[in-house]
Amino acid sequence: PPSPQRAIGCLLGGAVGDALGAPVEFLSLAAIRARFGPEGIRDFVPAYGVLGAITDDTQMTLFTAEGLLQALRRGRERGLWHPPTMVYHAYLRWLETQGATPPYPYQEARNGHLLTIRTLHASRAPGNTCLAALRSGTMGTPEAPLNDSKGCGGVMRAAPAGLIGVADPFALGCDVAAITHGHPSGYLAAGVLAALVAALAAGTTLREALHSARGALIGWPQHAECLAAVDAAVHLARVAPATAE
């Protein structure tokens, strides 16, 4: 696994970006520029009545991390573990923070520290796909998808899958996202992010990390759409100056 400093830096950086974007999440580009100028939002402004408020993205990222840490502990104590299941249980606890009654498979699945943190019980515009999938009582997988959703709700929470030190962070990222998002582009994007995070946290360059993640992606079925998006992003990053368009 990466150093604690790099893991904390990854999670904190994600939370900062989330808090920066929270006030403009549902605004058009024109509305953002009208309010904040041509360069867009540059610093924290209040959202949900709070300065620097996180959204469901950071909430679910933290619950992802908690589930993975619980899986690690179970593996050490009992010799068997299944990280996606532990993350699924953590997501059910997140669902409880949103005021729902989760379909816990057994009482032990409710055990988790984050559930006791009252500030995480704030409702911050959670995605309908995540809510519906978790209320269904069935855990989605890449092999048995729950739906055909390819929204961003899978990738936005997947960074911890790259921080836990597993042999295949790409597959773990896919498994974590597929709990709620069943379209290949919905979970493969999470695999790419997890692989990128794992490589960068290990000290590789961004170019090397992209090469590694791209190589993992093309080994999965139905990767063409996600690959095209990744390649387009890499191409656009080389073109200056960067613009919102």
Side-chain angles (χ1 to χ4, degrees), residues 11 14-15 17-32 41 46-50 53-68 84-105 109-110 112 114-115 117-161 172-194 222 225-226 229:
L11 296 175
D18 182 27
L20 179 66
V24 298
E25 181 177 6
F26 302 109
L27 299 182
S28 68
L29 179 58
I32 293 169
I41 189 166
Y48 304 102
V50 179
I54 62 166
T55 75
D56 60 307
D57 295 19
T58 299
Q59 291 174 341
M60 295 196 75
T61 298
L62 293 174
F63 278 91
T64 302
E66 181 175 68
L68 292 173
T85 297
M86 300 302 289
V87 172
Y88 170 59
H89 294 166
Y91 290 165
L92 293 179
R93 296 193 294 275
W94 170 80
L95 183 64
E96 183 174 339
T97 70
Q98 302 304 293
T101 301
Y104 291 117
R110 192 174 179 270
L114 293 181
L115 191 58
I117 300 177
R118 296 308 305 173
T119 51
L120 287 180
H121 287 242
S123 181
R124 297 283 168 77
N128 289 330
T129 298
C130 288
L131 293 172
L134 296 173
R135 285 173 175 148
S136 74
T138 301
M139 173 182 153
T141 68
E143 298 77 20
L146 274 184
N147 51 44
D148 198 38
S149 176
K150 57 178 176 180
C152 67
V155 65
M156 57 82 164
R157 63 183 193 240
L172 181 57
C174 291
D175 286 340
V176 163
I179 291 171
T180 58
H181 287 65
H183 191 284
S185 295
Y187 59 76
L188 291 175
V192 171
L193 178 64
Q222 298 179 272
E225 184 176 47
C226 187

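Since the model is a prediction, treat every value here as computed from it, not as a measurement.
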Peer 1: Can you give me the closest heavy-atom contact between Pro105 and Leu92, atom names plus distance?
Peer 2: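 For Pro105 versus Leu92, the nearest heavy atoms are CD-CD1, 3.9 Å.
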Peer 1: Hey, is the main chain of Ser123 close enough, under 3.5 Å, to the side chain of Asp56 for a donor-acceptor pair?
Peer 2: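 Between the backbone of Ser123 and the side chain of Asp56 there is no qualifying donor-acceptor contact (under 3.5 Å).
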Peer 1: Can you name the nearest heavy-atom pair linking Ala177 to Gly154, along with the distance?
Peer 2: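 So the two residues come closest at CB-CA, 3.7 Å.
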Peer 1: Return yes if some donor-acceptor pair links the side-chain N/O of Arg157 with the main-chain N/O of Val176 below 3.5 Å, else return no.
Peer 2: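 Present.
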Peer 1: When rounded to the nearest 0.5 angstrom, what is the spacing between OG1 in Thr55 and OH in Tyr48?
Peer 2: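 Atom-to-atom, Thr55:OG1 and Tyr48:OH are 6.5 Å apart.
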Peer 1: Counting distance only, does the side-chain N/O of Thr61 pair as donor-acceptor with the main-chain N or O of Met156 below 3.5 Å?
Peer 2: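 Yes, the answer is positive, given that a donor and an acceptor are paired below the 3.5 Å cut-off.
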Peer 1: Any side-chain heavy atom of Pro84 within less than 4.5 Å of one from Thr141?
Peer 2: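 Not in contact.
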Peer 1: For Glu25, which residues count as a salt bridge (Lys or Arg N to Asp or Glu O under 4.0 Å) partner, sequence neighbours excluded?
Peer 2: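 Not a single residue meets the salt bridge (Lys or Arg N to Asp or Glu O under 4.0 Å) criterion with Glu25.
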Peer 1: Heavy atoms only: give me the nearest Asn147-Ser149 pair and the separation to one decimal.
Peer 2: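 In terms of heavy atoms, the two residues are closest at OD1-N, 3.1 Å.
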Peer 1: Say you draw a straight line from OG1 of Thr97 to CE of Met60; how long is it, rounded to the nearest 0.5 Å?
Peer 2: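 One gets 9.0 Å once the value is rounded to the nearest 0.5 Å.
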Peer 1: Less than 4.5 Å apart, side chain to side chain, heavy atoms only: is that true for Cys152 and Asp57?
Peer 2: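 Of all side-chain heavy-atom pairs linking Asp57 with Cys152, none is under 4.5 Å.
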Peer 1: Among Glu225, Lys150, Gln222, which residue satisfies the side-chain hydrogen bond (donor to acceptor under 3.5 Å, both in side chains) criterion with Ser185?
Peer 2: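 Going through Glu225, Lys150, Gln222 one by one, the side-chain hydrogen bond (donor to acceptor under 3.5 Å, both in side chains) with Ser185 is satisfied by Glu225 alone.
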Peer 1: Looking only at heavy atoms, which two atoms of Leu146 and Ile179 are closest? And how far apart?
Peer 2: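 In this case the closest contact between Leu146 and Ile179 is CD1-O, 3.5 Å.
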Peer 1: Identify all side-chain donor-acceptor contacts of residues 124-137 below 3.5 Å with residues at least two apart in sequence or on another chain.
Peer 2:
residue	atom	partner	partner atom	Å
Arg124	NH1	Ile54	O	2.8
Ser136	OG	Ala133	O	2.6
Ser136	OG	Thr138	N	3.2
Ser136	OG	Thr138	O	3.4

Peer 1: Drop me the distance from Thr64's OG1 to Leu172's CG, to the nearest 0.5 angstrom.
Peer 2: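 Answer for the OG1-CG pair, Thr64 versus Leu172, is 9.5 Å.
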Peer 1: Under a 3.5 Å distance rule, please check whether Gln59 uses its side chain to pair with a backbone N or O of Ala122 as donor and acceptor.
Peer 2: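 Yes, the answer is positive, given that a donor and an acceptor are paired below the 3.5 Å cut-off.
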Peer 1: If only atom types and distance count, is the side chain of Asp148 paired as donor or acceptor with the main-chain N or O of His183 below 3.5 Å?
Peer 2: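 Checking the backbone N and O of His183 against the side chain of Asp148, no donor-acceptor pair under 3.5 Å is found.
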Peer 1: Applying salt bridge (Lys or Arg N to Asp or Glu O under 4.0 Å), can you list everything that pairs with Arg93, at least two apart in sequence or on another chain?
Peer 2: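 Partners of Arg93 by the salt bridge (Lys or Arg N to Asp or Glu O under 4.0 Å) criterion, ordered by chain and then number, come out as Glu66.
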Peer 1: Taking all atoms of both residues into account, what is the closest heavy-atom pair of Ala53 and Ala47, and its distance?
Peer 2: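 Where Ala53 meets Ala47 most closely, the heavy atoms are CB-O, 3.3 Å.
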Peer 1: Calculate, to the nearest 0.5 Å, the distance between atoms CZ and OH belonging to Phe63 and Tyr88 respectively.
Peer 2: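 Those atoms lie 15.0 Å apart.
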Peer 1: Quick one: which of Val87, Leu62, Leu68 gives a side chain to side chain contact (heavy atoms under 4.5 Å, CB included) with Pro160?
Peer 2: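 Only one option passes, and that is Leu68.
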Peer 1: Using a 3.5 Å distance criterion without hydrogens, assess whether the side chain of His121 forms a donor-acceptor pair with backbone atoms of Leu115.
Peer 2: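 Flag set: sc His121 to bb Leu115 pair under 3.5 Å.
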Peer 1: State, to 0.1 Å, how close Pro145 and Pro142 come at their nearest heavy-atom pair, and which atoms those are.
Peer 2: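 The pair with the smallest heavy-atom distance is CD-O, 3.8 Å.
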